[in-house]
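Here is the structure we will look at.
Side chains are part of it too, since the values below use all heavy atoms of this structure and drop only hydrogens, waters and symmetry mates. Atoms within each ligand, like the ligands themselves, are counted from 1 in listed order. Quick note: residue numbers are just sequence positions, from 1.
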Amino acid sequence: MQQATVGGSQAGVWGSMALWKKILIGMVLGVIIGIAMGPDSAIFKPIGTLFINAIKMLIVPLVFCSLVVGVTSMQDTRKMGRIGLKSVVLYLGTTAVAISIGLAMATVFMPGSGLEMSVTEAAPAAKEAPTLVQTLLNMIPKNPIGALAAGNILQIIVFALGLGIALTLCGEKAQPAVKVFESLAEGMYKLTELVMKLAPYGVFGLMAWVAGKYGFDILMPLIKVIAVAYIGCLIHVLVFYTGLVSVLGRLNPVRYLKGLINPASVAFTTTSSSGTLPATIKASREELGVSKGISSFVLPLGATINMDGTALYQGVCALFIAQAFGIDLAFSDYLLIIMTSTLASIGTAGVPGAGLIMLSLVLTTVGLPIEGLAIVAGIDRILDMARTSVNVCGDLMVSVLVSKSENELDEAVYNAESSKKELETA
Ligand code: ASP
C-alpha cells in the first residue's frame with residue numbers, strides 16, 4: 001500500500017515535470033547507462049527508433065498544413081501592401097543570412113568531426129550533385145499528391161505556398177478550405193505535442209545506444225555544438241542586426257540593443273516567441289519608439305514567420321550531423337539547406353521545441369540521417385533559449401526599420417535614456 005503511494009507520487013512528479021527536463025534526464029541517463037553497458041546498450045535502440053518513426057510520421061502533414069495556414073494568415077499583408085512587403089522581404093532575407101552564418105560557423109569549427117557515427121539505415125550514397133537549374137526546376141511538383149506521398153519536402157513547400165496564396169486570393173469563397181487547413185494544422189500541432197511526450201524515452205534509447213558505441217567521445221561534440229550555436233547567435237544580433245540598424249535605419253545601434261533586454265530575457269527563459277509577444281510589443285513601443293500601427297502588425301507577423309535563430313540553429317545542426325556521420329555535402333546541398341530552412345521558418349510555430357521538428361524536415365530534404373536528431377534533442381532546450389531570443393530580436397529589428405522607413409519611428413523615445421522613456425511615452 002505504502003509502496004503504491006510512493007510510486008504514485010513519483011509518477012506525479014514525473015508527470016508534472018517540464019518536458020525539457022525529462023528529455024535532459026533521458027539524455028543523461030542514456031549516456032550513463034550506455035557508457036556503463038558498452039555495446040550491449042544497443043538493446044535500447046528500438047525505443048529510439050520508435051520515437052524517430054513517430055517524428056517522421058509528422059513531417060509531411062505538419063509542414064503542409066502549417067505552411068498553408070502560415071500563408072493564409074498573412075491576409076493582412078496584402079491589405080497593408082507596402083509595409084507587409086517590406087517586412088516579409090526583411091524577414092526572409094535576414095533568415096537566409098542567419099542560416100548562412102550557422103553554416104559558416106559549423107564549417108569553420110566542425111563540431112561533429114571525429115565522431116564517425118554510422119547509421120543502420122542506408123545513408124544517402126554520394127549522389128551526383130544536381131545543377132542549380134535542375135534543383136530549381138525540381139522544386140515544382142508535376143504531381144503534388146506524388147510529392148506528398150514521396151515526402152519531397154521542397155516540392156511540398158512550393159505547393160503549400162502556392163495553395164496558400166491562391167486561397168488568400170479567393171477571399172470569402174475559400175474560407176471553408178482555409179478553416180479546414182487551420183483545424184488540420186491544430187490537429188497536427190496536438191499530435192506533435194503527443195509525439196514529443198515520447199521524446200524523453202526515445203532520447204534515452206538513442207543516447208544509450210550512441211554512448212554505448214562511442215563512449216565519452218560523444219560529449220565534447222555536444223558542448224561544441226552549443227558553443228558554436230551561441231557564438232553564431234551573438235554574431236547575428238551584435239554584428240548583423242546592429243549593422244542593419246545603423247546602415248539602413250541610420251540609428252544608434254546601442255539604443256536598439258538596450259531595447260532588446262526585456263523581451264530577449266523573456267524569450268530566453270520561456271523559449272516561445274509567441275509567448276513573448278506581449279513583451280516584444282511593449283518594448284518596441286516604449287523602448288524603441290515604434291508606432292502602434294506598425295508594431296501591432298509587424299510583430300505578430302514576425303512571431304509567426306520570422307525565425308532567424310531557428311534557421312541559424314538548423315544550419316549548425318545539419319552540418320554537425322553531416323560531419324558526425326561522415327557525409328560530404330555538395331555546394332547544392334548547402335543551397336538546399338538555406339532554401340528549405342528559410343521557407344520552413346514560415347511554418348515554424350513560435351513555441352518551445354518547434355525548431356527541432358523542423359530540423360527533421362531539413363535533414364530529410366538534404367538526405368541526412370534523421371537519427372542525428374536524437375543526439376541534438378538532449379541539448380535542445382539550451383539551444384532553444386538562444387534561438388528564441390534571436391527570433392525575437394529579429395522581429396524587433398524589422399519593426400524598427402519598417403517604422404523608420406515609414407516615418408513612424410518616434411526617435412525621441414528611441415534615443416531617450418531608459419529613465420526618461422516612460423515620460424516620453426506617457
Ligand atoms: N522556440 C522557438 C520560438 O518560439 C521556435 C523553435 O523551437 O525554434 O521562437
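Below 4.0 Å from some heavy atom of Gly353 lie the following atoms of ligand 1, by number and element: 7 (O). For ligand 1, the atoms closer than 4.0 angstrom to any heavy atom of Gly350 are 3 (C), 4 (O). Residue Thr310 approaches ligand 1 through these ligand atoms, each under 4.0 Å from one of its heavy atoms: 5 (C), 6 (C), 8 (O). Within ligand 1, the atoms closer than 4.0 Å to a non-hydrogen atom of Ser272 are 4 (O), numbered from 1 in the order shown.
The distance criterion of under 3.5 Å between nitrogen or oxygen atoms is not met by Leu356 with respect to ligand 1.
No donor-acceptor distance shorter than 3.5 angstrom exists from the side chain of Glu411 to the backbone of Gly289, with no hydrogens or angles considered. Of the possible donor and acceptor atoms, none in the side chain of Glu287 sits under 3.5 Å from a partner among the backbone N and O of Gly259. Panel note: side chain Ser399, backbone Val298; no donor-acceptor pair is recorded below 3.5 Å. Between the Asn391 side chain and the Gly309 main chain, a donor and an acceptor come within less than 3.5 Å of each other.
Among all non-hydrogen protein atoms, the one lying nearest atom 3 (C) of ligand 1 is Ser273 OG, 3.3 Å. Here the heavy atom of the protein found nearest to atom 1 (N) of ligand 1 is Asp384 OD1, 2.8 Å. The closest protein non-hydrogen atom to atom 7 (O) of ligand 1 is Gly355 N, 2.7 Å. Counting only heavy atoms of the protein, atom 2 (C) of ligand 1 lies nearest to Thr388 OG1, 3.3 Å.
With a 4.0 Å heavy-atom cut-off, ligand 1 is reached by the side chain of Met307 but not by its N, CA, C or O. Using a 4.0 Å cut-off between heavy atoms, Thr271 contacts ligand 1 through its backbone alone, with no side-chain atom that close. Contacts between Val351 and ligand 1, counted as non-hydrogen atom pairs separated by less than 4.0 Å, involve the backbone only.
You'll find the ring centres of Phe181 and Phe64 inside the 6.0 Å limit.
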Practice task
Applying side chain to side chain donor-acceptor pair (under 3.5 Å), run through Tyr313 and Asp380 and close with a yes or a no.
Solution key: CA-CA 10 Å; Tyr313 143 92; Asp380 194 62; 2.9 Å; yes
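Taking a cutoff of 4.0 Å between a charged side-chain nitrogen and a carboxylate oxygen, Arg387 and Asp384 qualify as a salt bridge.
In this structure, Phe204 and Phe44 have perpendicular ring planes: the angle between them is above 60°, well past the 30° mark.
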